[in-house]
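Accompanying notes for the structure given below.
It should be emphasised that the depicted structure is a prediction, and the values quoted were computed from it without experimental measurement.
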Amino acid sequence: MSSVSDEDVRKTEAGAIVDFIKSSADADEELCNTFKESGQLNDSEGFCHAGYRLDQFAQDVADFSSQYGSDYSISYTAPNITGRPRKFPEYGDFPETYAMRTYGEWWKKAPSYVQEIQPQNFSKIPAQDFIVLYFEEYVLPEDIVVYETFNPGALIRIWAYTITKSWFCLWETDELYKPQPHSINKARRFSPPLKKINLPTRTIRLEFNHSNLGYFTEIDAVLLGGRKVNIESAQRVFDSYERQRKCSILRKLQRIQFRPNIKDNYHNHLREFFANDLNKFIYVLSNNREIMTDELHSEECKTTIGLKDMPFEIMLKIFSYLDLISLFLVGQVSKFFYDVSTHPLLYGELNLKPYWHLTTNDLLCTLAKRATVLKKLDLSWCGLFNTISPTEFKKFIQQRGDSLICLRLDSCKILNASCIETLGIVCDNLRELSLRNCSTDPPLLNFSCLANLKNLERLDLFQTVIEPELVLTMLENNRKLKHLNLAFCGIAVNMDAVAQRIGQYNHNLVSLDMWKSRFLSAAGLEALSKCCDLEEVDFGWCLREVSLGDSLKQLLLNCKKLRKLFLATVRGITDRDVENIANFCSNLEQLDLMGVSGISKERYYELLMKCRKLQLLDLSFCDNIDGEEIAYWARTFKVNIKCSHIPNVPNDMRY
């Protein structure tokens, strides 16, 4: 029988199921080596190609994390990024472009801000948003051109999805963009230098970080340039590569030139070696290494205290600062390090969002064996192109979901009806559930099982279509709810009905986002005035009534803790309402009045005089004010005032 114990085999399998640290560059090199060995290369560059360069604009959108426009509109939506530029080289705020929801650091300063799980996993410049684009033809990428027509500079990373079914980073920046005076109010045709890749692609992912931007960024188009590829020939080579890759042990032995000295009947003898002699070979090799190590360090070991002598709790604390990739790496150093790096306490929180390009069924299976006391899980952005199957996700939740208190699945392409049902049944201890951008209209998922959840304190359904009755049921069942996001949650959900239910059952609410939702009226505002702990509300593009009466005043009077109040394009706002904001909102830090018309400049001035904690004021597309007044107010009151529609804005204005 085998000289290796079952426990050792189990541990080895658990640690080696997934090559988590393998990069796309390694896959690129491995495939190119396969091409060379197979003799299927037609040129020194590494691929069969058609011999001419092709420039093409994006044809379709495969995925995105957020958009400023709604699915029922054509303004500021993700599909606007496809096709040729419509506005470039013009600079300005154009609805025909693609814009994302946030900008700057303001959302991080809001009461609703969510701290990232395991922040050590994120790179120096983390991505805040992304969009994945399809192009018509496969090319070997040489150029990516991004046409930015408003507040350029958010792009931080470009990825390509190759025929190896893996992602390759073509470009990334090592510092955030800082707008220069000479570049303000100018469109940008941005084409960063790309890393060379000898694999064809027609799928590009752009990642963004808006932290340094003064206002929303807008993108008109994206162009992919490169040499045209004979994809049929490339696919045949790739299929050959895939067949060889499945024989991974044989291939690795060939790479280190390990071959028994046998010429005849080679494959049968090799199979015999694996069946009878491999364990003996490993055992002898391991013993020899231990003997050599003991002889070399025997005297030193007598006087030196090593890491093994440290208390296990101290080692766990040290390892807790490592990111996930480092944990996998350090586990390969020694058995002692492996035992520490796989301890369940190091996997009580898991954030796979930064590793969206590496997260697979195998990784999830490996983590399921380690994360036996899992409390928080973030699988946002994972699962595109079926890298994680609904079956494997469901199995993971069935194994580890009963102890979860936090689950984030933003823009997650895993979920089906069975997954949602499992979540509702197994994860009944959840306090936080985020399903941002997880379904479209008409709804493809049945969320009814979520009615079983009764401990939620945070629920995020941004741009996720959900049944109206379920929303009302969840509000009634989760009376400890503090943070609720229903922005873009579908036209079927009546926000007045939601507001009435909140006013009845959810008095502990701290933040409420109804941005671009439907059917909120003065009656809904009156119902929400019962939530005296509110610190943040967003009614932007939501209140469409001609007159709000005294409903807003009542809300402001009762909700003295308000720090963020967004009222973009609310039609019923009057001078009296702005005066009430000035008189009753002494704690206000952020105020959005974008698109509100008919307000006199005296009311704005009074607002700035009385709201001394105000840091952000958005007056874009407001009338009765000019650029000089805005600049003066910004300097005088030290408030960041946005006013994007005014041309020739002075450089000293904080914009």
Side-chain angles (χ1 to χ4, degrees), residues 71 112 114 394 397-398 401-402 404-410 412 415-521 523-534 536-539 542:
D71 292 332
S112 61
V114 180
K394 181 179 175 181
I397 293 298
Q398 288 170 335
D402 57 343
L404 280 176
I405 61 172
C406 171
L407 179 60
R408 300 175 188 171
L409 300 171
D410 303 342
C412 189
L415 303 180
N416 61 17
S418 181
C419 292
I420 297 296
E421 182 180 3
T422 303
L423 290 179
I425 295 173
V426 177
C427 304
D428 54 356
N429 290 312
L430 280 179
R431 299 176 195 168
E432 177 184 341
L433 176 62
S434 186
L435 295 171
R436 296 171 68 93
N437 198 26
C438 279
S439 74
T440 57
D441 191 25
L444 303 176
L445 301 175
N446 183 358
F447 292 97
S448 58
C449 282
L450 297 183
N452 297 333
L453 305 179
K454 298 183 179 180
N455 297 301
L456 290 177
E457 297 178 10
R458 183 184 292 269
L459 176 62
D460 193 336
L461 298 173
F462 171 80
Q463 205 162 315
T464 292
V465 179
I466 194 166
E467 298 84 354
E469 288 302 319
L470 174 60
V471 175
L472 300 179
T473 301
M474 293 185 74
L475 291 174
E476 183 176 350
N477 289 347
N478 294 276
R479 304 191 183 190
K480 297 179 181 178
L481 201 64
K482 294 182 179 180
H483 301 279
L484 177 63
N485 191 332
L486 297 176
F488 274 170
C489 68
I491 61 175
V493 180
N494 187 309
M495 287 301 146
D496 270 351
V498 169
Q500 295 288 347
R501 193 63 58 97
I502 290 173
Q504 187 175 1
Y505 296 109
N506 307 110
H507 292 175
N508 295 323
L509 208 62
V510 174
S511 72
L512 174 63
D513 192 341
M514 292 183 170
W515 186 67
K516 290 201 174 183
S517 296
R518 299 293 184 94
F519 313 122
L520 181 67
S521 69
L525 285 184
E526 290 180 9
L528 292 173
S529 64
K530 298 177 183 178
C531 302
C532 299
D533 289 332
L534 275 174
E536 172 184 349
V537 292
D538 191 337
F539 301 132
C542 184

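Contact between D513 and W515 at its shortest, heavy atoms only, is OD1-N, 3.0 Å. Closest of all the heavy-atom pairs between V465 and F447 is O-CE1, 3.5 Å. Residue N477 comes nearest to A451 through the heavy atom pair ND2-O, 3.0 Å, listed as atom of the first residue, atom of the second, then distance. Nearest heavy-atom pair across P468 and A492 is CG-O, 3.4 Å. Shortest non-hydrogen contact noted between C406 and L430 is N-CD2, 3.7 Å. Closest of all the heavy-atom pairs between C427 and L453 is O-CD2, 3.1 Å.
In this structure, M474 and V471 have side chains that are not in contact, with every pair of non-hydrogen atoms separated by 4.5 Å or more. Taking the side chain as every heavy atom from C-beta outward, L509 and L481 approach each other to under 4.5 Å. Inter-residue side-chain proximity for L475 and Y505 is flagged as unmet; no heavy-atom pair is nearer than 4.5 Å. Taking the side chain as every heavy atom from C-beta outward, L435 and I466 never approach each other to under 4.5 Å. Between L459 and N478 the shortest side-chain heavy-atom distance does not fall below 4.5 Å. With a 4.5 Å cut-off on side-chain heavy atoms, E432 and V114 count as touching.
Although no hydrogens or angles enter the test, the distance criterion places a donor-acceptor pair under 3.5 Å between the side chain of S517 and the main chain of L486. A side-chain donor-acceptor contact under 3.5 Å links T464 to the backbone of C438.
Atom CE of M514 sits about 13.0 Å away from atom CZ of F519, to the nearest 0.5 Å. Taking CD from E467 and SG from C489, the interatomic distance works out to 11.0 Å, rounded to the nearest 0.5 Å. To the nearest 0.5 angstrom, N452 atom CG is 11.0 Å from L423 atom CG. Once rounded to the nearest 0.5 Å, the distance linking CG of L433 with CD1 of I405 reads 13.0 Å. Expressed to the nearest 0.5 Å, how far CD of Q500 lies from NZ of K530 amounts to 7.0 Å. Interatomic distance, CG of D460 versus CG of N437, reported as 10.5 Å (0.5 Å rounding).
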TODO: Show the numbers, then the answer: is there a side chain to side chain contact (heavy atoms under 4.5 Å, CB included) between I502 and L484?
DONE: CA-CA 10 Å; I502 290 173; L484 177 63; 3.8 Å; yes
TODO: May I have the step-by-step check of side chain to side chain contact (heavy atoms under 4.5 Å, CB included) for V510 and L534, ending in yes or no?
DONE: CA-CA 4 Å; V510 174; L534 275 174; 6.0 Å; no
- [ ] Check the pair I397, L404 against side chain to side chain contact (heavy atoms under 4.5 Å, CB included), reporting the backbone distance first and the verdict last.
- [x] CA-CA 9 Å; I397 293 298; L404 280 176; 4.2 Å; yes
TODO: Dump the intermediate steps for side chain to side chain contact (heavy atoms under 4.5 Å, CB included) on L415 and I420, then the final yes or no.
DONE: CA-CA 7 Å; L415 303 180; I420 297 296; 3.9 Å; yes
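Judged as a salt bridge (charged side-chain N to carboxylate O under 4.0 Å, His left out), not a single pair has a partner in residues 486-500 (not counting sequence neighbours). Among pairs with a residue in residues 419-431, none fulfils salt bridge (charged side-chain N to carboxylate O under 4.0 Å, His left out), at least two apart in sequence or across chains.
In this structure, E469 places its CD atom where only 12 or fewer heavy-atom neighbours from other residues, nucleotides or ligands lie under 6.0 Å away.
Evaluated for a side chain to side chain donor-acceptor pair (under 3.5 Å) with S511, the options R458, H483, K482 yield exactly one hit, H483.
Partners of D533 under the salt bridge (charged side-chain N to carboxylate O under 4.0 Å, His left out) rule, at least two apart in sequence or in another chain, are K561. Here E457 pairs with nothing under the salt bridge (charged side-chain N to carboxylate O under 4.0 Å, His left out) rule; sequence neighbours left out. Take E476 and apply the salt bridge (charged side-chain N to carboxylate O under 4.0 Å, His left out) test, not counting sequence neighbours, and it matches R501. By the salt bridge (charged side-chain N to carboxylate O under 4.0 Å, His left out) test, R518 pairs with no residue at all, sequence neighbours left out.
Cation-pi contact between R436 and F462: present, with separation from the ring centre below 6.0 Å and deviation from the ring axis of at most 45°.
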